[in-house]
Undergrad: 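Quick one: structure below, then a few questions.
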Amino acid sequence: MPEVIVPIGPQHPALKEPVNFRVIADGEKIVRLELDISYTHRGIEKAAEQRTFIRALPLLERVCGICSHSHSTAFAKGVEELMQLTIPPRAQYIRTIIGELERMHSHLLWLGVAAHEIGFNTLFMWTWRDREAVQDTLEEMSGNRVHYGMNEVGGVRRDLTPSQVNAALQRLPNLEERITKYVDMVQNQETMLLRFRGIGKLTKEEVLKYGAVGPTARASGVDYDIRMDDPYLVYADVPWNVVTDTSGDVYGRTRVRIGELAESLKIVRSCLEHLPEGPIRVNPPKTAPKGEILSRYEAPRGELVHFIRTNGTDRVERVDIRTPTLANWTSVAACLVNQNLADIPVIVAAIDPCLSCTSRITIVDKGDGNTGIVTWDELRRRSRLRDRRQEGA
Amino acid sequence: MTDTPLIIVYIFLFPGFLFLLAYAMLFEFLDRRIAARMQHRVGPPLFQPFADFVKMLGKEVIDPQGVDRPVFDAAPVIALAAVMTAFLYIPVVSASPLAFQGDLVLVLYLMALPTIILFVMGWLSRNIYSAIGGIRTVTQMFIYEVPFFLALLTPALMAGTWSISEIVSWQQDHLWFMVLQPIGFVVALIGLQAKLERTPFDIPEAETELVAGPWTELTGRRLALMHLASDVSCVTGCALIAALFLGGPTIPWTIAPVWLGWICGFFLFLAKTLVVLLILSSVKVATGRIRIDQLNTIGWKYIASAALVQVAVVLVMNSIRVGA
Amino acid sequence: MTSPLTLDFVMETMKGSGTAEQVRSNRIRITTTPKRVRDAITTSRELLACERLITISAADNGRTLELIYHLTGPHRTVISIAAELPRDAPEIPTVSDILPPAGIYERQIHDLFGIVFAGHPDLKRIILGEDWPEHEYPLRKDWKPGPDTFYGGIREERI
Amino acid sequence: MAAPAASLSQRLVNWARQKSPWITIFNSGGCNACDIEIIACLMPRFDVERFGILSKGSPRHADILIVTGPVTLKQAPRLRRVWEQIPEPKYVIAMGACGADGGVFHGLYHVMQRVEDVIPVDVYVAGCPPRPDEIINAVVTCLNLMSEDAAHGGKEWRQKKRSEFPGGMIPSVEAML
């Protein structure tokens, strides 16, 4: 079967966002993959440099639709630290609540899309139906289903009234029961196991070598979680633990994400119950002193990093956003070689790509995953080498 | 029932084409409604398949560059014609007047035609997605066709005739084949699910990998006819399995006026085909899609061997009965 | 190695490649020259068990272009290795062979800042459109977009 | 402009077009919030399948193209190609603030603000992102437009009407009133 070049995307039903795969497949086996993702590059960093802090937040929130609160919290947290400004505890609790609710709706969304990738539409419908409960809570608290606009340099813009708090608390038990249902459904649903187990396997060393982050890394036993490593907001004094798995394939990532779903629910419940009284924002100084900081935040997809540099004016001199999906693309390319054509959407969906975050890179995958065009037969030799190694191992 | 005007009415009007088209659209409505209700949704209204069909007819027909139009136009019509004629040999009211020895083989052949035509459409439309979709259609066909045929021919073996109507009448005074040959019944259901390319086996039309498989380049009336052909083949398949395994439209005790017997037979036929559809739809909702190589291993390892076991059992039972 | 690194331990192991300072509880910043960045990273990978590259951030402070490599490991301390490059011919050896994800970040920085990474296997156009003019590096301070586009500030004439 | 007496078959086709509008989503570089809201329309709570709306993968099968996000420079040619692939009675909905004039990304160096510059747009939806019920309302408005155009025989009368207004700034959906 001669090599067939299959262009998938940028307009493709499997990918909710524009990414272009040029897959060179030998029959059903993938030999080579070129990934071009920069369709959603809009030049946000240049625009952020021209805007004051107040106006930069709405822009930075719209880097990505699903993890919008992550971006605005990472930015606000970084600028506040540069200004040596501590925000009131109530504001920190509210930010954590919204952040964890966003993680819940993002993981439920992912679980549905992953099931849709393998054609299992029932789970797609069920998970998104439960996600609506989380969306209602978010809409009550912040007024918008997606871009919440809760953050501001110096605190939070809207307070949580007691009625909102116990309305949210009433929805949690039903969600909890649904999550336990999904846990056992993923474990013994025959076709899901067939399509998820053993696909896109990453060992612990490969994860560290390719720099994978978030649930993708935690599924192979690497326990990097910024909320535990570099605790910010109230994660230090709320009881929760990092969810890891050892199987390292798409099945492991599914279990990690559902585990994190349950953890987030626990965090939200304890935050809602111990919401301290007090003001919700502090008036920030007009300008930020000269300095730079690496503000790290655990977004639903992994470790989000904002490198913020200020130069004493009321604007930011430089914002360098490195999104979690950008770090995951190398590991995707590495574990896609020698897989089946039918597995591309499942493996790509496994890292839960948020392309509007990434909008960065094209990588040409080779056998061992570092970038660069390589001659055709050298690639063949590498993949055969890799097969022999796998047989040997 | 042999004089020609009645036969013409039989072919074109009642259990023939007009009824078949209406029943096919009802089937698609029921299928989508059952799937929606199981997914906690409301599902489309009754006239939805008809509205889709008419809208697709009204759309502009786009020919991909470099495709030869006549074949691309003729293929859906052939597929639809093949499957509709197959329905004529399946007893609907009672024994079908057109029955002859060997109409079971003819029906199986006509049912296989749309899959091949889908491959031809995929290959013709010069689009990488449809080409790969077409190849997958044919590879899937090789996998499920053998067990499907075996499962459907074992009732003929036991009943000793090759005509569907006679198998149905044989079942009247014996047990149903679903009871006599349970393995054959299950294998036939799996085969039909694969032939109709429904979810556990809708690999060629995998919406998430290849855009729409062989269906990608179909627009306008071609899409309408091909969509109708797949609906009609769903009806024909369900009716075939209902006839062969669930005893078809006959009642054990005879009712005095003949036309009352026909009406009861007709309702029995409706009930049994709807039962088969219910089974297929619930399987479609409850499973995800499996990969083509997994289907290959499952298909040949389990389904084909199950069919062979069934044939062996039937041969043994035949020899005992013939011997005793 | 899971206890956070202390400043003097890092100073002692990295004494060859520049000055280190404690920016925050678990952040240590080392400023070196572009030539010594590569071996600073290799020593930190072996001796300080920094197994993971968080990111490479680039900034233009008007005078020079700065590159900061952020690394971390099981000790959960972030080691940032900074280097300054001249504006006219920014050139630095690549680290994508030691750290595979670096290949991605370097190609992005090359596109937006024009920093050439010597030895990078494939420094192709990455994030800008195919029809973006060559040698136009949008994120540099001296780059201004076309007259008709203003990017987000309040339009001057509409104050 | 009295509508010509539509023949029975024309009325049937118009009825069918009203009852089964199939949509396809094209993300022209947005922040994928609008895409998620469109998919939320297909889900059990909003469930557009009861109106006959299906989301089709291939542009060949679709009637309504929903464009989300500001058109980035790289996505513009592809948006144009997808629009041309859709068979004739086709309509375009530009989603959210980004579709109207680039939204919060107005003026960024890698963005062509208006969807209008690339393909003719029929319905605009306000909101960032618009709520699912606003999206359903947009599709219904599109259906009203469809019946309007069927009554006047094709879309030309609307373009002509738009050019009669000075500055061409009539609300593109006065049929909705």
Undergrad: Less than 4.5 Å to any heavy atom of chain A: does that hold for the side chain of D:Leu42, its backbone, both, or neither?
TA: backbone
Undergrad: Go through A:Arg129, A:Arg145, A:Arg131 and name the one with the most non-hydrogen pairs under 4.5 angstrom from chain D.
TA: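 Maximum pair count with chain D is reached by A:Arg145.
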Undergrad: So A:His306 and A:Asp320, side chain to side chain donor-acceptor pair (under 3.5 Å) or not? Walk me through it.
TA: CA-CA 6 Å; A:His306 279 232; A:Asp320 185 339; over 6 Å; no
Undergrad: Could you tell me if D:Gln10 and D:Asn14 have a donor-acceptor pair between their side chains, going purely by distance under 3.5 Å?
TA: yes
Undergrad: Looking only at heavy atoms and a cut-off of under 4.5 Å, which of D:Cys98, D:Cys128, D:Gly127 has the most pairs with chain A?
TA: D:Cys128
Undergrad: Are any non-hydrogen side-chain atoms of A:Phe53 and A:Glu152 less than 4.5 angstrom apart?
TA: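 No. Closest side-chain heavy atoms not under 4.5 Å.
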Undergrad: Looking at chain A, which one of D:Pro132, D:Gly103, D:Cys34 has the largest number of heavy-atom pairs inside 4.5 Å, strictly under?
TA: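 Result: the option with the highest number of such pairs is D:Pro132.
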Undergrad: Salt-bridge test for D:Arg45 and A:Asp136: reply yes if a basic N is under 4.0 Å from a carboxylate O, no otherwise.
TA: yes
